[in-house]
Participant: 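Before I ask anything, let me first share the structure, which is written out below as structure tokens.
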2 protein chains.
Amino acid sequence: MAQESSRMRRPRADGERNRVRLIEAAKHAFAEKGAAVSLEHIAREADVSIATLYRHFPTRDELISAVYQQEVTALIESADQLMTDREPAAALREWLMLFVEFLDAKHGMAEAMDTLIGGPEPLYSRTPQRLDMPVKALVARGVATGVFRDDFEPHDLLRALSGVAHVRPYENWKWSAGQMVDILLKGMQSRPPSGGTGIH
Amino acid sequence: MAQESSRMRRPRADGERNRVRLIEAAKHAFAEKGAAVSLEHIAREADVSIATLYRHFPTRDELISAVYQQEVTALIESADQLMTDREPAAALREWLMLFVEFLDAKHGMAEAMDTLIGGPEPLYSRTPQRLDMPVKALVARGVATGVFRDDFEPHDLLRALSGVAHVRPYENWKWSAGQMVDILLKGMQSRPPSGGTGIH
DNA sequence: TTAATATACGTAGGGACCCTACGTTTATCA
DNA sequence: TGATAAACGTAGGGTCCCTACGTATATTAA
């Protein structure tokens with residue numbers, strides 16, 4: 001059996017140093033060249049061998065997750081905050097706008113969203129999809145109070161926005177994304193008392 | 001100057017044959033392994049050298065476009081049809097559902113949508129984005145009659161759906177996409193239609 | 001039929017990238 | 001200071017992208 005916690009060796013300093021350097025290099029590389037940037041390039045940039053990169057991050061996804069862990073955590077925390085401070089619809093709206101900000105800040109990372117919100121390859125993306133929780137909770141609250149319909153998948157809000165984010169090159173993509181948030185929120189309202197939209 | 005049309009040599013039979021074989025092989029490969037499948041694999045499958053593939057399709061985008069030209073053309077034509085047969089909202093709804101069907105049929109092609117509806121790399125995707133026209137027209141008609149708001153980018157409807165389509169692995173993705181169509185349509189209405197909404 | 005020529009073809013190879021095996025170095029702890 | 005676990009780098013096989021270049025062949029005109 002492996003040693004228990006008390007008897008464990010302290011992690012080596014060089015290992016931790018290199019881990020940090022890799023994350024830093026990856027953050028720059030992702031921002032500059034997109035999520036598909038070569039891992040060897042990242043390793044070179046971090047002044048570390050390619051084998052070391054693989055030792056720390058066996059898959060590309062794990063590196064991506066590590067790079068954005070901080071931002072994702074912040075996003076999750078602001079969801080908690082908004083849920084206590086705002087009404088369901090306003091909370092979700094603001095949170096989705098934060099998500100858009102996040103997408104905006106990560107220039108060229110739209111493709112990597114697969115990693116963070118769940119993408120096409122179930123085996124490729126095994127990292128826990130941490131953004132699943134907050135969006136689900138935000139929506140559930142609105143469903144509970146009857147302002148949101150419940151016949152849709154909360155996750156798809158993120159996927160839709162991430163789809164819109166693919167248009168980054170255009171100058172006004174962020175405006176577009178903001179409008180999309182508005183459309184989504186309007187569209188997911190449960191029918192107003194006056195009458196249904198009737199379109200079927 | 002190059003010879004004018006009357007004096008032009010007939011295209012070589014082997015060239016046309018190989019072109020067809022490449023498209024066929026690519027269609028299979030895309031369906032089976034996704035849009036990122038190796039071009040060399042496609043060439044092997046078509047029993048043709050890699051150089052021949054590049055001669056016929058200098059870029060991956062051109063191959064993708066060729067593979068789906070038929071389907072995209074059909075989609076464009078049904079937009080025309082729907083515009084004459086249906087009221088704006090119903091026409092757009094049905095057309096978006098056709099688009100979802102299209103995404104569904106192209107198992108694993110969500111990534112390739114960049115090529116067809118306009119993706120992240122303006123230089124990468126130079127092929128004419130033929131789906132831009134129909135969605136614009138369908139939306140414009142609804143804007144003209146006042147049932148749709150006009151402060152959004154029609155293109156983003158496609159992008160949003162293509163984002164949702166990234167979730168293919170889940171069994172119910174198509175249901176999800178259908179719900180998303182509903183949400184989008186509801187969200188883009190200019191006002192809750194008090195009277196009978198425009199469909200009969 | 002055959003010669004001429006445009007057209008298409010395949011082989012080969014450089015360069016980038018992914019990933020792993022394996023031997024070496026180094027930081028920690030006794 | 002020596003032992004040992006932990007981390008490191010080099011090297012290399014395999015795949016892929018893309019191009020250069022010489023060869024083969026379908027078409028057309030003689």
Side-chain angles (χ1 to χ4, degrees), chain A residues 1-23 25-26 29-30 32-64 66 111-112 115 121 123-126, chain B residues 1-26 29-30 32-64 66 111-112 114-115 121 123-126:
Chain A
M1 296 226 103
Q3 301 281 35
E4 275 310 298
S5 52
S6 66
R7 275 233 151 293
M8 282 187 49
R9 228 173 172 151
R10 185 206 308 173
R12 284 177 52 158
D14 53 351
E16 296 197 313
R17 174 175 48 83
N18 285 339
R19 181 167 220 280
V20 170
R21 294 173 76 159
L22 279 166
I23 290 179
F30 287 151
E32 193 158 331
K33 311 197 168 196
V37 64
S38 119
L39 297 177
E40 305 207 319
H41 171 81
I42 293 176
R44 280 194 298 274
E45 213 66 15
D47 242 313
V48 142
S49 84
I50 181 64
T52 292
L53 184 150
Y54 274 99
R55 214 169 291 113
H56 284 286
F57 307 102
T59 69
R60 179 181 294 266
D61 271 2
E62 283 173 72
L63 181 53
I64 291 175
E111 316 89 351
T115 295
E121 297 291 337
L123 357 112
Y124 182 64
S125 211
R126 274 243 167 281
Chain B
M1 297 213 107
Q3 300 283 36
E4 275 312 298
S5 53
S6 65
R7 273 232 153 293
M8 279 184 53
R9 226 170 173 156
R10 186 205 307 175
R12 280 177 57 158
D14 53 352
E16 296 197 312
R17 173 175 49 82
N18 285 340
R19 181 167 219 280
V20 170
R21 294 173 77 159
L22 280 166
I23 290 179
E24 214 56 34
F30 287 152
E32 193 157 330
K33 312 199 167 192
V37 63
S38 119
L39 297 178
E40 303 206 320
H41 172 82
I42 293 176
R44 279 193 298 274
E45 212 65 14
D47 242 315
V48 142
S49 84
I50 180 64
T52 292
L53 184 150
Y54 274 99
R55 215 169 291 115
H56 283 286
F57 306 102
T59 70
R60 178 180 294 265
D61 270 3
E62 283 175 72
L63 181 53
I64 292 175
E111 317 90 351
D114 292 349
T115 295
E121 297 292 336
L123 359 112
Y124 182 65
S125 210
R126 275 243 167 279

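What you see is a predicted model, and the numbers here were worked out from it, not measured in a lab. Values below: all heavy atoms of this structure, side chains included; hydrogens, waters and symmetry mates excluded. Quick note on labels: first sequence line is chain A, next is B, and so on, each numbered from 1.
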Participant: Please tell me if A:Arg19 has a side-chain N or O lying less than 4.0 Å from either OP1 or OP2 of D:dC8.
Facilitator: no
Participant: Within a strict 4.5 Å, meaning less than it, do heavy atoms of the A:Val20 and A:Glu16 side chains meet?
Facilitator: no
Participant: Determine whether A:Arg19 and A:Ile23 satisfy the following criterion, side chain to side chain contact (heavy atoms under 4.5 Å, CB included), listing intermediate values before the conclusion.
Facilitator: CA-CA 6 Å; A:Arg19 181 167 220 280; A:Ile23 290 179; 3.8 Å; yes
Participant: Given atom CZ of A:Arg12 and atom P of D:dC8, what is their separation to the nearest angstrom?
Facilitator: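 My rounded result for the distance is 7 Å.
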Participant: To the nearest Å, how far apart are B:Arg17 CZ and C:dG10 C1'?
Facilitator: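 That distance rounds to 13 Å.
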Participant: Mark yes or no for a side-chain to base donor-acceptor pair under 3.5 Å between B:Arg10 and D:dT27, with no hydrogen or angle criteria applied.
Facilitator: no
Participant: Whole Å only: how far is the CD atom of B:Glu16 from the P atom of D:dT25?
Facilitator: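 It works out to 19 Å between those atoms.
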Participant: The side chain of B:Arg9 lies closest to which of these nucleotides: C:dC9, D:dA3, D:dT27?
Facilitator: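 The closest nucleotide is D:dT27.
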Participant: Using side-chain heavy atoms (C-beta onward) and a distance below 4.5 Å, is A:Ile64 in contact with A:Phe57?
Facilitator: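 No, their side chains stay 4.5 Å or more apart.
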Participant: Residues in side chain to side chain donor-acceptor pair (under 3.5 Å) with B:Asp14, at least two apart?
Facilitator: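 B:Asp14: side chain to side chain donor-acceptor pair (under 3.5 Å) contacts with B:Arg12.
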Participant: Is there a side-chain polar atom (N or O) of A:His56 under 4.0 Å from OP1 or OP2 of D:dC8?
Facilitator: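 Yes, within the criterion.
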Participant: Starting at CG of B:Leu39, measure out to CG of B:Leu22 and round the result to the nearest 0.5 Å.
Facilitator: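 These two atoms lie 10.0 Å from each other.
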Participant: Carefully, step by step, assess B:His41 and B:Arg44 under the rule side chain to side chain contact (heavy atoms under 4.5 Å, CB included).
Facilitator: CA-CA 5 Å; B:His41 172 82; B:Arg44 279 193 298 274; 3.8 Å; yes
Participant: Polar atom pairs between nucleotides 17-20 of chain D and protein, under 3.5 Å, N or O only, would you list them?
Facilitator:
| from | atom 1 | to | atom 2 | distance (Å) |
| --- | --- | --- | --- | --- |
| D:dC17 | OP1 | B:Leu39 | N | 3.3 |
| D:dC17 | OP1 | B:Arg60 | NH2 | 2.8 |
| D:dC17 | OP2 | B:Leu39 | N | 3.0 |
| D:dC17 | OP2 | B:Glu40 | N | 3.2 |
| D:dC18 | OP2 | B:Tyr54 | OH | 2.7 |

Participant: Just to confirm, is there a sub-4.0 Å distance from OP1 or OP2 of D:dC16 to any side-chain nitrogen or oxygen of B:Arg44?
Facilitator: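 Yes, because at least one side-chain N or O of B:Arg44 sits under 4.0 Å from OP1 or OP2 of D:dC16.
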Participant: Do side-chain atoms of B:Arg55 reach the backbone of B:Gly15 as a donor and acceptor pair under 3.5 angstrom?
Facilitator: no
Participant: Take the protein atom CG of B:Asp14 and the nucleotide atom P of D:dT23, then report the distance between them rounded to whole Å.
Facilitator: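 Result: 19 Å.
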Participant: OP1 or OP2 of C:dA8 less than 4.0 angstrom from a side-chain nitrogen or oxygen of B:Asn18, does that happen here?
Facilitator: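 No, B:Asn18 has no side-chain N/O under 4.0 Å of OP1/OP2 on C:dA8.
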Participant: Closer than 4.0 Å, any side-chain N/O of B:Thr52 to the OP1 or OP2 of C:dG10?
Facilitator: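 B:Thr52 to C:dG10 OP1/OP2: side-chain N or O found under 4.0 Å.
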